[in-house]
Protein chains: 2
Amino acid sequence: MSPDASPVSVNTPVTLREVAAAAGVSVATASKALNGQGRMTAETRERIRETARHLGFRPNSLAQSLLRKRSFTVGLLTNDTYGRFSLPLMAGVSDALVDKGVSVFLCNVEDDTRLGQLHVEAMLDKRVDGIIATGKRIDRHLPVDLSNLRIPVIYAFTQPDAGAVGLVSDDAGGARLAVEHFLRLGRRRIAHVSGPASFAVVHARAEAYRDVLKENGLAVSEPLLGAWSEAWGHEAVEKLFGSAGREGWPDAIFCGNDQIARGVIDALRERGIRVPDDVGVIGFDNWEIVAEATRPPLTSVDMNLSTLGREAGLALLSLVDGQPAAPGIRKLPCRLVVRQSCGSPPE
Amino acid sequence: MSPDASPVSVNTPVTLREVAAAAGVSVATASKALNGQGRMTAETRERIRETARHLGFRPNSLAQSLLRKRSFTVGLLTNDTYGRFSLPLMAGVSDALVDKGVSVFLCNVEDDTRLGQLHVEAMLDKRVDGIIATGKRIDRHLPVDLSNLRIPVIYAFTQPDAGAVGLVSDDAGGARLAVEHFLRLGRRRIAHVSGPASFAVVHARAEAYRDVLKENGLAVSEPLLGAWSEAWGHEAVEKLFGSAGREGWPDAIFCGNDQIARGVIDALRERGIRVPDDVGVIGFDNWEIVAEATRPPLTSVDMNLSTLGREAGLALLSLVDGQPAAPGIRKLPCRLVVRQSCGSPPE
DNA sequence: CGGCCCTGAGAAAACCTTTTCCCAATCCGC
DNA sequence: GCGGATTGGGAAAAGGTTTTCTCAGGGCCG
């Protein structure tokens with residue numbers, strides 16, 4: 001009577017037992033038919049498969065996981081509430097894992113040890129195959145101890161525990177990209193405005209900045225360290241362009257993040273200094289929503305977080321599969337996204 | 001020999017069988033002891049519990065789920081890649097569920113039907129107890145059909161399917177908060193600059209804006225619709241303050257989001273118009289990173305997404321528990337976060 | 001024609017926990 | 001001291017799948 005004999009969504013999931021019954025075989029045979037295991041006539045196999053398809057059979061992952069001791073599930077732990085860094089990373093992780101049938105539990109632990117403990121225990125109880133730890137800065141630990149977990153852990157964009165596998169962006173390399181881009185464009189008086197000295201990346205980037213300038217025989221002006229904010233960008237422009245005579249002004253500013261760069265660009269405009277004609281500006285993070293709203297749109301260093309996430313996902317998977325991985329920190333290259341805040345190279 | 005007899009992290013999880021053996025009882029008794037079921041001497045119960053604690057026993061969720069037909073797992077489906085709306089919502093969901101032992105699979109399906117299908121099937125295979133669908137705008141469906149799923153679905157901040165349960169922010173109410181705030185401060189010539197006409201929220205907010213003004217016998221100027229960008233904010237200021245004589249200028253601007261507001265504030269400053277002295281500005285979304293960076297910091301309508309998420313989580317849970325829920329869309333109130341872009345009320 | 005091997009398929013254990021019955025022993029009142 | 005109720009605890013099934021072992025039958029070689 002039913003108008004269609006196609007797979008209908010019944011009220012309760014169809015089990016292997018039902019498939020087997022419908023196909024007139026045992027569950028063992030049915031299982032083997034669907035998994036390509038065991039020996040049987042091609043005809044039997046196909047008949048079972050057809051039955052399964054028709055019934056809309058989907059194996060119960062819970063039962064499979066229980067038996068195989070693999071849940072095809074991983075946990076992503078973060079303390080990056082706004083997801084500025086975690087979400088691109090998560091996208092990469094998810095992308096790497098989705099077609100292997102692995103799903104991701106996302107847990108934000110804020111900076112709360114108790115919450116972290118709670119989430120980690122929930123994950124362990126759910127028998128996740130592994131955990132990826134990530135955060136909002138690479139020189140701080142998550143507020144939770146993952147060091148004796150009996151499941152693999154990968155640290156991505158957060159400080160790894162000793163002896164663990166960590167993936168981070170190559171901040172020095174990213175800074176290098178920025179400064180060398182300025183050089184190629186003929187800029188020579190390059191300033192660096194960055195975040196608080198308490199961040200390791202601030203020093204990594206500043207050092208690369210110095211290195212590149214020295215390698216090219218150029219004067220190094222001391223990086224200006226402040227906050228990760230627009231306001232600090234304004235202040236820094238004040239410092240850079242306030243006192244010195246025009247000839248002492250920089251013709252390029254490499255900023256520690258996009259918000260600083262935004263502040264810098266706005267402050268320059270307010271002073272009547274043209275970007276990119278008088279001064280080129282490069283940001284860091286390539287936070288599109290900011291970089292595309294600056295006037296002009298901001299050239300910025302992208303940390304390739306999504307790639308980082310994908311690599312982390314793949315690394316975790318190979319760890320889960322029992323392949324040993326060399327502990328230590330692996331740095332992944334950044335890339336420069338060129339927009340309009342640096343001008344064109346001289347003809 | 002071992003220096004400590006405290007629970008050590010062994011290589012393989014300890015099972016109930018092991019606890020039972022160690023305590024000299026059957027698994028049945030052990031199970032009942034730990035769950036507070038069955039009858040036994042208080043002493044036996046405590047001994048088993050102590051054994052379990054000492055061994056670091058944690059029940060295998062997979063086995064429990066298989067039996068109880070509840071996985072204590074839900075899926076959060078979104079197409080909001082940057083998580084601007086999804087993440088606060090996720091935080092609320094997670095917060096509502098974590099201490100009930102429920103974990104959340106986060107899946108970003110972009111706008112890709114194939115990807116959506118893939119993720120939904122993965123979730124169903126993993127036997128999630130329910131799904132929360134969310135997105136980046138409330139008048140569009142996710143690119144995936146969740147209407148015949150045999151598990152409960154809650155739509156939060158996305159367009160629900162017919163007959164489903166949906167939770168959204170009360171945009172009209174939020175707009176009302178903003179305009180009434182202006183009125184309380186003595187502002188009378190209130191303009192509205194919003195996003196594209198293709199968004200339902202644009203109309204909802206605009207209508208509330210008109211209503212409040214009419215209710216107060218004030219002139220309604222037609223809302224200016226454009227884009228959700230800073231650039232449009234600039235343009236709108238041009239339109240509002242470009243031609244008319246000074247006496248025709250608004251003394252307040254209610255903006256459709258914080259980025260527009262940011263553009264408006266910047267454009268006003270560039271024209272030498274003071275905020276909040278000459279013109280008050282209110283944004284929408286309360287995107288802190290933007291609202292706090294404007295000069296002055298932006299008063300903005302917060303959609304309480306985290307509350308929305310918590311409500312969605314609780315609603316899903318009660319659905320999972322079999323409590324029927326009234327289908328239809330429930331609107332949750334917004335709140336106004338007052339910063340410095342509107343000034344103080346007249347004494 | 002007999003023994004051996006191969007083929008196709010099923011029975012059953014295993015994964016880990018919960019829960020329903022069931023049983024033996026103890027206790028109570030009479 | 002005896003019948004019945006209660007108490008403390010165990011055996012076993014269930015949940016859905018995978019995998020190993022086993023087995024019956026048929027073909028082939030000698």
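The model shown is predicted, which means the values in this text are computed figures rather than measured ones. Residue numbering restarts at 1 for every chain, and letters A, B, ... go by the order of the sequence lines.
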First and last nucleotide of DNA chain C, 5' to 3', lying under 4.0 Å from heavy atoms of chain A: C:dT7 to C:dC16
Considering only residues two or more places apart or on different chains, which pairs with a residue in residues 316-325 of chain B satisfy side chain to side chain donor-acceptor pair (under 3.5 Å)? B:R70-B:D321
Which residues within residues 121-129 of chain B lie with some heavy atom under 4.0 Å of an atom in DNA chain D? none
Using residues 101-108 of chain B as the side-chain source, report each donor-acceptor pair under 3.5 Å to any protein atom, sequence neighbours left out, with the distance given to one decimal.
residue	atom	partner	partner atom	Å
B:S103	OG	A:K126	NZ	3.0
B:N108	OD1	B:E110	N	2.8
B:N108	ND2	B:E110	OE2	3.1

Nucleic acid footprint by protein, nucleotides 4-12 of chain D - heavy-atom cut-off 4.0 Å, B for base, S for sugar-phosphate alone: ---BBBBBB
Show the atom names and distances, to 0.1 Å, of all donor-acceptor pairs under 3.5 Å that link a side chain in residues 112-122 of chain A to residues at least two apart or in another chain.
residue	atom	partner	partner atom	Å
A:D112	OD1	A:R114	N	2.9
A:D112	OD1	A:L115	N	3.2
A:E121	OE1	B:R58	NH1	3.1

Using side chain to side chain contact (heavy atoms under 4.5 Å, CB included) as the criterion, list what pairs up with A:L319, not counting sequence neighbours. A:P152, A:I154, A:A325
Angle of first-five versus last-five pair axes in the helix from C:dC1-D:dG30 to C:dC30-D:dG1, to 10 degrees: 60°
DNA chain C-proximal residues of residues 15-22 of chain A, any heavy atom under 4.0 Å: none
Pairs under 3.5 angstrom, nitrogen or oxygen only, protein versus nucleotides 26-28 of chain D, please.
none

Pair up each side-chain donor or acceptor in residues 160-167 of chain B with any protein partner under 3.5 Å, not counting sequence neighbours, and list the distances.
residue	atom	partner	partner atom	Å
B:D161	OD1	B:H141	ND1	3.3
B:D161	OD2	B:Y155	OH	2.6

Side chain to side chain contact (heavy atoms under 4.5 Å, CB included) partners of A:A23, counting only residues at least two apart: A:V25, A:R47, A:I48, A:T51
